[in-house]
Chemist: 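Here's a structure for you.
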Amino acid sequence: MGNVGGFDVGSDFQWEAVVQASWKWTDRIDVAGGYRHLSVDFEEGGNVIDLILTGPYVALAFNFQA
């Protein structure tokens, strides 16, 4: 999955790429893991943000509906 945005609306420019695999652990719990790269460039007035977040992640999703 990926996205590109910003274009001077909210941020100057941002892009993201994600690779993820998911497993249904139980009827109510899913486990996911992957790798994410997020880059954001933002400048307004004297505030400047040049942010890069990258690395692996693990996530749990809980389903509370019967």
Side-chain angles (χ1 to χ4, degrees):
M1 174 180 80
N3 65 64
V4 176
F7 309 113
D8 291 329
V9 179
S11 64
D12 295 337
F13 185 73
Q14 75 91 33
W15 71 275
E16 175 181 30
V18 177
V19 176
Q20 175 178 300
S22 300
W23 300 273
K24 188 166 192 68
W25 191 15
T26 69
D27 288 340
R28 295 184 181 255
I29 301 173
D30 293 341
V31 179
Y35 195 84
R36 179 181 186 188
H37 180 90
L38 172 65
S39 176
V40 178
D41 292 324
F42 174 84
E43 185 174 345
E44 183 174 321
N47 298 321
V48 176
I49 299 172
D50 187 7
L51 177 69
I52 296 175
L53 299 172
T54 188
Y57 66 90
V58 175
L60 291 174
F62 298 94
N63 181 2
F64 294 103
Q65 296 180 352

Chemist: Which ILVMFWY residues can you reach from Val48 by hopping between side chains whose heavy atoms are under 4.5 Å apart?
Modeler: none
Chemist: For Trp25, I'd like to know if atom CH2 has over 12 heavy atoms of other residues, nucleotides or ligands within 6.0 Å.
Modeler: no
Chemist: For Asp41, what residues pass the salt bridge (Lys or Arg N to Asp or Glu O under 4.0 Å) criterion, not counting sequence neighbours?
Modeler: none
Chemist: Nearest heavy-atom pair of Trp23 and Ala21: which atoms, and what distance?
Modeler: CZ3-O, 3.6 Å
Chemist: Taking the side chain as C-beta and beyond, is there a heavy-atom pair between Asp12 and Phe42 under 4.5 Å?
Modeler: no
Chemist: Sequence neighbours left out, cut at 3.5 Å: what donor-acceptor pairs do the side chains of residues 50-58 make with other protein atoms?
Modeler:
from: Thr54; atom 1: OG1; to: Tyr35; atom 2: OH; distance (Å): 3.3
from: Thr54; atom 1: OG1; to: Arg36; atom 2: O; distance (Å): 3.4
from: Thr54; atom 1: OG1; to: His37; atom 2: ND1; distance (Å): 3.4
from: Tyr57; atom 1: OH; to: Gln20; atom 2: OE1; distance (Å): 2.6

Chemist: Tell me, please, which residues at least two apart from Asn3 pass side chain to side chain donor-acceptor pair (under 3.5 Å).
Modeler: Gln14, Glu16
Chemist: Say you draw a straight line from CZ of Phe64 to CZ of Arg28; how long is it, rounded to the nearest 0.5 Å?
Modeler: 8.5 Å
